[in-house]
Amino acid sequence: MQRTLIQDLAQNVTQTVRIAGWAHNIRQLSKVNFLLLRDASGVAQVVVDDKAAMQMLAKLHLESVLQVTGKVVAQKNAPGGLEIHSPEITVLSEVKEVVPFPINKGELNVAIDTFLDNAAYGLRHPDRRAIFKLSAAIMRGFRTHLDSRGFTEVATPKVVASATESGANVFALNYFDRKAYLAQSPQFYKQMMVSVFERVYEVAPVFRAEPHATSRHLNEYVSLDVEFGFIQDHTTVMALLSSLIRAVLQHLKDSTPTELEVLKVNMPLAPETFPAVSFKEAQAIIKDRYKEDCSHEPDLSPQHERWIGEWAREVHQSDYIFVTGYPMSKRPFYTHPDPNDRAYANGFDLLFRGMELVTGGQRLHLYDDYVTALTERGLPLEPFQGYLDAFRFGMPPHGGFAIGLERFVTQLLGLQNIREATLFPRDINRLTP
RNA sequence: GGGGACGUAGUUCAGUUGGUUAGAACGCUGCCCUGUCACGGCAGAGGCCGCGGGUUCGAGUCCCGUCGUCCCCGCCA
């Protein structure tokens, strides 16, 4: 007999079906037991009133994997109105010890460190699983929208020869007795691919060797990267990003309504055009409204970003806000300056509910500009030659951005810690599981 | 790298100005209960109070060190 998923039981009322999954809970009354069986699609109640079967259940540990063949019955006092009667139960995988913490009590109540130590078990909790269903839907929505706009998905190397664009620390590794590094971003490669495909994107991990210890940083995270050619300036990139975010949110509503409900997600305010303020305007708002003068600082602090996020929600009814025109001194060498004021960048950050979600902008596209930019920063040309060749042989005006997937999920769900949006997070002191 | 907080049962946490035998809930074990749905009831097991040192008649509680964890800043997505 073929296996039926628990979510499909409603279409099989009065039929005999076979379901299989994990012993989520067993409620034992004297003459009847209720076995709650969980599979990836849901939880079903199995009514056990056979004496031998109840004795077998009494000895069973939770999370044992069972196969149950029985009749689907519509019963108004059953959870969900359905249950399985006259079950024949087979143990497929017996658990021989007590589970580390309960996952069958609704809300999960466990410290994040304990949870992550037992991730392979804890992630089975339906709420935790729902987080990663949403994460998958974000990646799917990202791909679907960009595919429809003529983008090509690429896979660029994660093992690279030279340390990279910005100051971020990289992980060094031994590559056949040569030094290599884990890529801190696909930046160079996606730019090179603009000269091949014009429009590209990538969904892949990036690696940062920064010893940060915060609730919003990971040393390995998934970067949703986009790069495309023949743009006017950074505003072309911002327009594409806005429509992409809106398309992803719509995709979530269409494809994961159950998960959005289970996790009680407040869908973001995302107006047709995301509001934008310049870096200097942002500083003025902070001074005006929050009475802190940061006008001599070259960047916004996390608190400043939270304030701007709050301001955008109140004044523009938007959970997303662009901050444009950061000082060039804080941006990497490939950044295109504002032609009207070369001290500032044709770039942007996108804040989502007060946290940096995206960085992007227009890039330099002329070979000579790269030579100048590298020279001004005291960097040698030689290690960048493979990259620079793309510009020597013709590169259109282009730009792009990178979205932090786990940050998207964290902010969407209002999670306390980005590790909750990561299956197996890598941070400064966690390398396993 | 700088700063702050916290380490007590398998888990999440209480634990008074230092005072005798360290508690609760969930989980676990046994018994009872035909309809539970966070099932309920009764009974029970389970603790080097992170580790080391100190102060004190006496330390889970105060001090120092150490290890671990969480958070903030820096850096970034």
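Just so it is clear, the structure is predicted and the values come from calculations on it, not from any experiment. Letters go in sequence order (proteins before strands), and every chain restarts at 1.
Look at A:S215 and you'll find a side-chain N or O under 4.0 angstrom from OP1 or OP2 of B:rC72. Dashed line: the shortest gap from a side-chain N or O of A:K105 to OP1 or OP2 of B:rA38 is not under 4.0 Å. In terms of phosphate contacts, A:S30 brings no side-chain nitrogen or oxygen within less than 4.0 Å of OP1 or OP2 of B:rC32.
Look at CZ on A:F348: it is 11 Å from P on B:rA77, rounded to the nearest Å. Rounded to whole Å, atom P of B:rA77 lies 13 Å from atom CG of A:L218. As a whole-Å value, the separation of A:I112 CD1 from B:rU11 P is 16 Å. For A:I26 and B:rC26, the CD1 to C1' distance is 17 Å, given to the nearest whole Å. Look at CG on A:D299: it is 6 Å from P on B:rC75, rounded to the nearest Å. Straight-line distance from the CZ atom of A:R331 to the P atom of B:rA77: 8 Å, rounded to whole Å. B:rC76 atom P lies 19 Å from atom CD1 of A:I403, rounded to whole Å. The distance between atom CD of A:Q28 and atom C1' of B:rU34, rounded to the nearest whole Å, is 14 Å.
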Cut-off 3.5 Å, no hydrogens considered: what does the side-chain donor-acceptor table look like for residues 260-272 of chain A, sequence neighbours left out?
none

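If you take atom C1' in B:rG4 and the same atom in B:rG74, they sit 15 Å apart, rounded to whole Å. Taking atom C1' on both B:rG54 and B:rC71, the two are 30 Å apart, rounded to the nearest angstrom. Remark: the separation of the C1' atoms in B:rG53 and B:rU11 is 31 Å, to the nearest Å. Taking atom P on both nucleotides, B:rA43 is separated from B:rG35 by 22 Å, rounded to a whole Å. Going from the C1' atom of B:rA59 to that of B:rG19 covers 10 Å, rounded to whole Å. Rounded to whole Å, the separation between the P atoms of B:rG60 and B:rA9 comes to 15 Å. Rounded to the nearest Å, the gap between the P atom of B:rA24 and that of B:rU66 is 37 Å. Spacing between B:rA25 and B:rU61 at atom P, rounded to whole Å, works out to 25 Å.
With a 6.0 Å radius and a threshold of 12 heavy atoms from other residues, nucleotides or ligands, A:E310 has its CD atom above the threshold. Atom CD of A:Q416 has 12 or fewer neighbouring heavy atoms from other residues, nucleotides or ligands inside a 6.0 Å radius.
Using the six-membered ring where Trp is involved, A:H336 and A:H365 have ring planes that are parallel, under 30° apart on the 30 and 60° scheme. Classification of the A:Y290-A:W307 ring pair by plane angle, with boundaries at 30° and 60°, yields parallel.
A donor N or O paired with an acceptor N or O is not found under 3.5 Å between the base of B:rC76 and the side-chain atoms of A:H212. The base of B:rC72 has none of its N or O atoms less than 3.5 Å from a complementary donor or acceptor on the side chain of A:R216. Taking only distance into account, the side chain of A:Q45 meets the base of B:rU36 through a donor-acceptor pair shorter than 3.5 Å. Residue side chain A:E210 does not reach the base of B:rC76 through any donor-acceptor N/O pair under 3.5 Å, judged by distance alone.
For A:S301, taking side-chain heavy atoms from C-beta onward, the closest of the listed nucleotides B:rG74, B:rA77, B:rU36 is B:rG74. With B:rC26, B:rG35, B:rA77 as the choices, the nucleotide that has an atom nearest any side-chain atom of A:L29 turns out to be B:rG35. Distances from the side chain of A:R306 to the nucleotides B:rC71, B:rC72, B:rG74 place B:rC72 closest. Nearest nucleotide to the side chain of A:H61, out of B:rG35, B:rU11, B:rU29: B:rU29. Considering only the side chain of A:N109, B:rU12 comes nearest among B:rA77, B:rC28, B:rU12. The listed nucleotides are B:rC71, B:rC75, B:rU12; the one nearest the side chain of A:R419 is B:rC71. Nearest to the side chain of A:T214, among B:rU34, B:rC28, B:rG74, sits B:rG74. Listed candidates were B:rG35, B:rG74, B:rC76. Nearest to the side chain of A:E83 is B:rG35. Among the nucleotides B:rA38, B:rA77, B:rG35, the one closest to the side chain of A:T359 is B:rA77. Here B:rU11 is the nucleotide among B:rU11, B:rA77, B:rG74 with the atom lying nearest to any side-chain atom of A:V110.
Residue-nucleotide stacking is not present for A:F101 and B:rG27, judged by a side-chain ring centre under 5.5 Å from the six-membered base ring centre and planes under 30° apart.
Residue pairs meeting the salt bridge (charged side-chain N to carboxylate O under 4.0 Å, His left out) criterion with at least one member in residues 356-365 of chain A, sequence neighbours excluded: A:E227-A:R363.
If you find the closest nucleotide of RNA chain B to A:V47 and to A:A58, the one lying nearer the 5' end belongs to A:A58. Between A:V32 and A:T114, the residue anchored closer to the 5' end of RNA chain B is A:T114, taking for each the nucleotide with the nearest heavy atom.
Residue contacts for A:S223: at a heavy-atom cut-off of 4.0 Å it reaches no nucleic acid atom on any strand shown. When heavy atoms are screened at a 4.0 angstrom cut-off, A:N77 is found touching base atoms of the nucleic acid. Using a 4.0 Å heavy-atom criterion, one finds that A:K330 contacts the sugar-phosphate atoms exclusively. Residue contacts shown for A:P79 include a base, since a base heavy atom lies under 4.0 Å away. Residue-level contact check: A:L405 touches neither bases nor backbone, having no heavy atom under 4.0 Å from any strand. A:A111 comes within 4.0 angstrom of sugar-phosphate atoms only, judged by non-hydrogen atoms across all strands, and of no base. Residue contacts for A:N25: at a heavy-atom cut-off of 4.0 Å it reaches the sugar-phosphate backbone alone, with no base atom in range. In this structure, A:V206 reaches neither bases nor backbone, as no heavy-atom distance under 4.0 Å exists between it and the strands shown. At a threshold of 4.0 angstrom between heavy atoms, the contacts of A:N429 are confined to the sugar-phosphate backbone, with no base atom among them.
The existence of a salt bridge linking A:E63 and A:R124 is confirmed by a sub-4.0 Å separation between a basic side-chain nitrogen and an acidic carboxylate oxygen. Under 4.0 Å is where a charged nitrogen must lie from a carboxylate oxygen, and between A:R140 and A:D147 no such pair does. For A:K190 and A:E202, the salt-bridge test fails: no basic side-chain N is under 4.0 Å from an acidic carboxylate O.
By the 6.0 Å and 45° rule, A:R128 stacks over the aromatic ring of A:F115. A cation-pi arrangement is not found for A:R407 relative to A:Y221, the charged atom failing to lie both closer than 6.0 Å to the ring centre and inside a 45° cone about the ring normal.
Taking the six-membered ring wherever Trp is involved, the centroid distance between the rings of A:Y370 and A:Y387 falls below 6.0 Å.
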message: What does the 5'-to-3' dot-bracket notation of RNA chain B look like when only Watson-Crick and G-U wobble pairs under 3.5 Å count, and pairs to other strands show as |?
response: (((((((..((((.....[...)))).(((((.......))))).....(((((..]....))))))))))))....
